[in-house]
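Inspection log for the structure reproduced underneath, given as structure tokens.
Please read these numbers as outputs of a predicted model, since none were measured by experiment.
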Amino acid sequence: MASSEPLLHVTHPEPGIAHIELDRQAKRNAISDDLIAAIDRAFAALSTEVRAVVLSARGQHFCAGLDLSELSERTVAEGIWHSRSWHAAFERVQFGRAPVVAVLHGAVVGGGLELAASAHIRVAEPNAIFGLPEGQRGLFVGGGGSSRIPQLIGHARMTDMMLTGRVLDADEALAAGLVQYKVGAGEGLDKGFALARRIAANAPLSNFAVQHALPRIAGMPQAEGLFVESLMAAIAQGDDAAKQRLQDFLAGRAAKVRKEA
């Protein structure tokens with residue numbers, strides 16, 4: 001199964017795994033109105049069989065951010081609605097059908113970084129660079145970056161990036177917590193799919209709890225968050241898939257926790 005739009009490609013290369021690729025290479029995969037709409041549609045249309053998503057981009061860059069050529073003609077009101085359309089699309093990425101692994105290379109800048117931040121796991125190749133040039137453009141983030149990126153790297157580091165134009169390389173992004181994995185050149189997709197396979201093999205309700213409940217609990221006062229944690233823990237362990245996995249573990253049929261080489 002596969003679907004294709006002029007700016008986006010969706011394939012299902014393995015059972016339970018979808019691969020969504022940005023393809024606006026002539027514009028360094030900058031996000032236009034048409035591309036943000038395509039992202040929204042693609043994540044909304046994922047089937048119940050999808051258990052994990054790999055998000056990547058064709059060409060030399062993941063995404064160079066907002067297509068500024070579409071910006072100058074907007075009124076203030078239009079700008080608000082435009083930002084809200086990005087919020088809706090990236091909300092589908094973060095709180096959609098399945099966890100998302102973003103594979104990053106080249107420019108991961110501005111709106112491209114906001115898109116990457118809406119994924120659940122980020123893998124960087126050595127040539128990936130991360131920037132928030134909105135301060136130098138007379139702009140402010142509008143795709144959810146002011147909420148998601150500080151949760152990854154802290155507001156002080158984001159402030160530095162926006163005020164000074166500081167760009168992080170892949171090593172700095174890994175150290176800052178902006179990405180979770182750094183791989184060799186050309187190894188991003190292999191790592192992304194390996195992680196997606198592990199995610200897809202989890203109990204579905206456990207994945208749902210991590211994807212949907214965990215970020216909401218993190219934003220709650222502690223007492224309320226712990227109450228929701230108890231509810232989610234009881235729901236997850238009461239699922240038939242969880243009971244079977246527990247029986248497998250007690251019977252010695254499940255893999256032990258170990259550090260991979």
Side-chain angles (χ1 to χ4, degrees), residues 7 22 24-37 39-40 55-57 59-94 100 102-120 122-180 182 215 218-219:
L7 306 174
L22 309 184
R24 199 172 181 237
Q25 300 178 50
K27 293 286 190 177
R28 303 171 74 205
N29 291 317
I31 301 177
S32 62
D33 289 350
D34 289 340
L35 181 52
I36 199 70
I39 292 170
D40 196 341
L55 174 65
S56 66
Q60 297 181 359
H61 302 280
F62 175 73
C63 178
L66 169 67
D67 187 341
L68 296 177
S69 68
E70 295 186 348
L71 184 64
S72 60
E73 300 302 322
R74 291 195 182 99
T75 65
V76 170
E78 289 169 343
I80 293 171
W81 285 111
H82 178 259
S83 173
R84 296 298 287 161
S85 72
W86 283 51
H87 291 166
F90 294 171
E91 192 87 350
R92 288 198 191 277
V93 178
Q94 183 177 8
V100 179
V103 177
L104 309 172
H105 71 288
V108 187
V109 172
L113 182 49
E114 292 183 284
L115 171 58
S118 68
H120 305 90
R122 284 159 293 280
V123 177
E125 294 199 355
N127 68 345
I129 59 170
F130 303 83
L132 292 166
E134 285 82 357
Q136 287 71 55
R137 306 282 188 267
L139 305 173
F140 190 71
V141 289
S146 62
S147 175
R148 293 188 180 96
I149 296 173
Q151 293 179 28
L152 300 175
I153 64 174
H155 78 273
R157 189 174 278 111
M158 183 176 179
T159 298
D160 178 21
M161 293 175 70
M162 292 191 71
L163 288 180
T164 69
R166 181 178 181 180
V167 173
L168 305 182
D169 62 24
D171 288 321
E172 291 170 317
L174 180 64
L178 195 54
V179 302
Q180 291 101 316
K182 183 199 169 191

May I ask you to decide if A116's main-chain N or O and R122's side chain share a donor-acceptor pair within less than 3.5 Å?
yes
I'd like to know whether R148 forms a salt bridge (Lys or Arg N to Asp or Glu O under 4.0 Å) with E91, so could you lay out the CA-CA distance, the side-chain angles of the two residues, the decisive distance to 0.1 Å, and finally the verdict.
CA-CA 11 Å; R148 293 188 180 96; E91 192 87 350; 3.5 Å; yes
Backbone N/O of L7 and side chain of R24: donor-acceptor pair under 3.5 Å:
no
Grab the two heavy atoms, one from C63 and one from A30, that are nearest each other, plus how far apart they are.
SG-CA, 4.4 Å
Tightest non-hydrogen contact, residues F90 and I31, listed as CZ-CD1, 4.2 Å
Are the side chain of S83 and the backbone N or O of G79 linked by a donor-acceptor pair below 3.5 Å?
no
Nearest heavy-atom approach of P150 to G145 is CD-O, 3.2 Å
Please determine whether side chain to side chain contact (heavy atoms under 4.5 Å, CB included) holds for the pair M162 and V141, giving the CA-CA distance in whole Å, both sets of side-chain angles, and the decisive distance to 0.1 Å.
CA-CA 9 Å; M162 292 191 71; V141 289; 4.0 Å; yes
Could you give the distance from CG (D40) to NE2 (H87), rounded to the nearest 0.5 Å?
13.0 Å
Candidate list L35, V108, L55, test side-chain contact (heavy atoms from CB on, under 4.5 Å), partner L115, passing option
L55
Nearest 0.5 angstrom please: L66 CG to E134 CD, how far?
8.5 Å
Sequence neighbours excluded, the answer for ring-ring contact (aromatic ring centres under 6.0 Å, His included) partners of H120 is none
For the student: nearest non-hydrogen atoms of L104 and A128, plus distance
O-CB, 4.0 Å
Name all residues meeting the side-chain hydrogen bond (donor to acceptor under 3.5 Å, both in side chains) criterion together with R137; count only those two or more places apart in sequence or in a different chain, and write none if there are none.
none
Minimum heavy-atom separation for S118 to V93, with atom names?
OG-CG1, 3.4 Å
For the OG atom of S146 and the CD atom of Q151, what is their distance to the nearest 0.5 Å?
10.0 Å
Quick one: pull up CZ in F62 and CG in N29 and give me the separation to the nearest 0.5 Å.
8.5 Å
So OG1 of T159 and CE of M161: to nearest 0.5 Å the spacing works out to 11.0 Å
Under 3.5 Å donor-acceptor, H105 side chain and G59 backbone
yes
Nearest-0.5 Å distance, NE2 of residue H82 to CG of residue D33
4.5 Å
For the student: nearest non-hydrogen atoms of A117 and I149, plus distance:
CB-CG1, 3.9 Å
For a 4.5 angstrom cut-off between non-hydrogen side-chain atoms, does L178 reach R157?
no
Heavy-atom donor-acceptor pair, H61 side chain to Q25 backbone, under 3.5 Å:
no
Does any pair with a residue in residues 158-174 pass salt bridge (Lys or Arg N to Asp or Glu O under 4.0 Å), and if so which ones, sequence neighbours excluded?
D160-R166, D171-K182
Is a side-chain N or O of E114 found less than 3.5 angstrom from the main chain of G144, in a donor-acceptor match?
yes
